[in-house]
Amino acid sequence: IAVNKLAEYSEQFTFNSTEAKRQDIVYDIDNAYWTVVSLKHKQRLSNSYLDLVRKLDSDVNKMINEGVATRSDGLKVDVKVNEAEMMQTQVDDGLSLAKMYLCQLCGLSIDENITLADEDKDNLNLVEAQYNKDMQTAMDMRPELKMLQNSVDMSKEVTK
């Protein structure tokens with residue numbers, strides 16, 4: 001009887017282990033998805049900032065030619081343009097790496113150019129989740145805790 005129960009607990013342990021891995025993968029994919037969406041929005045912001053700084057650079061250069069601004073002002077704006085270009089490069093690189101990571105998690109080719117449903121949306125309608133504040137229910141649903149309980153039950157059966 002003890003060996004049969006031990007086999008049953010071992011089967012439950014394996015099921016809970018699989019469920020824990022599945023939840024980890026879903027969490028990683030969800031995290032990577034929203035990272036890509038966030039970086040896409042940062043890329044648009046970076047592009048608009050770079051356009052703004054370039055316009056300022058053009059205006060300052062015109063002001064220098066007219067004698068209203070100094071060369072020092074022009075150099076300060078040039079530094080800001082360089083910083084904006086560097087920031088844009090960092091965002092572009094981060095976006096491509098995040099998309100590669102998402103493709104890897106989903107089993108797609110990392111060279112594939114994907115477009116996510118939420119990355120081009122200006123307004124994201126996020127649904128607030130309704131949480132049950134019952135901690136015992138939350139604890140009972142965690143596969144890691146179930147695995148620990150299975151381990152305790154298996155050790156009791158081994159002792160028997």
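Of the possible polar contacts, none joining the S10 side chain to the L6 backbone as a donor-acceptor pair under 3.5 Å is found. Without hydrogens or angle criteria, H41 side chain to V36 main chain gives no donor-acceptor distance under 3.5 Å. Between the S46 side chain and the K42 main chain, no donor and acceptor come within less than 3.5 Å of each other.
For the atom pair Q43 CD and D92 CG, the distance stands at 4.5 Å (nearest 0.5 Å). Expressed to the nearest 0.5 Å, how far CG of D30 lies from CG of L105 amounts to 11.0 Å. Rounding to the nearest 0.5 angstrom, the gap separating the OG atom in S38 from the OH atom in Y33 is 12.5 Å. Between the CG atom of N113 and the OG1 atom of T115 there is a distance of 5.5 Å, given to the nearest 0.5 Å. Interatomic distance, CZ of F15 versus CG of N150, reported as 11.0 Å (0.5 Å rounding). Once rounded to the nearest 0.5 Å, the distance linking CD of Q149 with CD of Q12 reads 10.0 Å.
The side-chain hydrogen bond (donor to acceptor under 3.5 Å, both in side chains) contacts involving residues 67-77 comprise T70-D73, where partners must be two or more places apart or lie in separate chains. Each salt bridge (charged side-chain N to carboxylate O under 4.0 Å, His left out) pair with one or both residues in residues 96-117, not counting sequence neighbours, appears once here: K99-E119. Counting only residues at least two apart or on different chains, the salt bridge (charged side-chain N to carboxylate O under 4.0 Å, His left out) pairs with a member in residues 13-22 are E19-R22. Screening residues 147-157 for salt bridge (charged side-chain N to carboxylate O under 4.0 Å, His left out) gives E157-K160 as the qualifying pairs, with residues at least two apart or on separate chains. Sorted by first and then second residue, the side-chain hydrogen bond (donor to acceptor under 3.5 Å, both in side chains) pairs involving residues 49-58 (not counting sequence neighbours) are R54-E85, K55-D59.
Side-chain atoms of D28 and Y101 include no donor-acceptor pair closer than 3.5 Å.
Using a 4.5 Å cut-off between side-chain heavy atoms of Ile, Leu, Val, Met, Phe, Trp and Tyr, M86 forms no hydrophobic cluster with any other residue. Members clustered with V79: none, using a 4.5 Å side-chain heavy-atom cutoff among hydrophobic residues. Listed by chain and number, the hydrophobic cluster partners of L52 come to none, as no ILVMFWY side chain reaches under 4.5 Å of it. If you chain together ILVMFWY residues whose side-chain heavy atoms come under 4.5 Å of each other, M139 ends up grouped with L145, L148.
Across S96 and D93, no two heavy atoms sit closer than the pair OG-O, 2.9 Å. When all heavy atoms of L39 and A98 are compared, the pair lying nearest together is CD1-CB, 3.8 Å.
A heavy-atom distance below 4.5 Å is found between the side chains of R142 and Q23.
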> Is there a salt bridge (Lys or Arg N to Asp or Glu O under 4.0 Å) between E83 and K80 once you walk through the steps?
Replying inline: CA-CA 5 Å; E83 287 175 356; K80 292 295 182 185; 3.7 Å; yes

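Remark: A20 engages P143, E144, M147 in a side chain to side chain contact (heavy atoms under 4.5 Å, CB included) (not counting sequence neighbours). Under the side chain to side chain donor-acceptor pair (under 3.5 Å) criterion, D122 pairs with R44, sequence neighbours left out. In terms of the side chain to side chain contact (heavy atoms under 4.5 Å, CB included) criterion, V3 has no residue partners (sequence neighbours excluded).
By the rule that hydrophobic residues join a cluster once side-chain heavy atoms approach within less than 4.5 Å of another member, L95 and I29 end up as members of one cluster. In this structure, V37 is a member of the same hydrophobic cluster as I114, with clusters built from ILVMFWY side-chain heavy atoms closer than 4.5 Å.
Each of N31, L116, I110 was evaluated against L102; a single residue qualifies, L116, per the side-chain contact (heavy atoms from CB on, under 4.5 Å) test.
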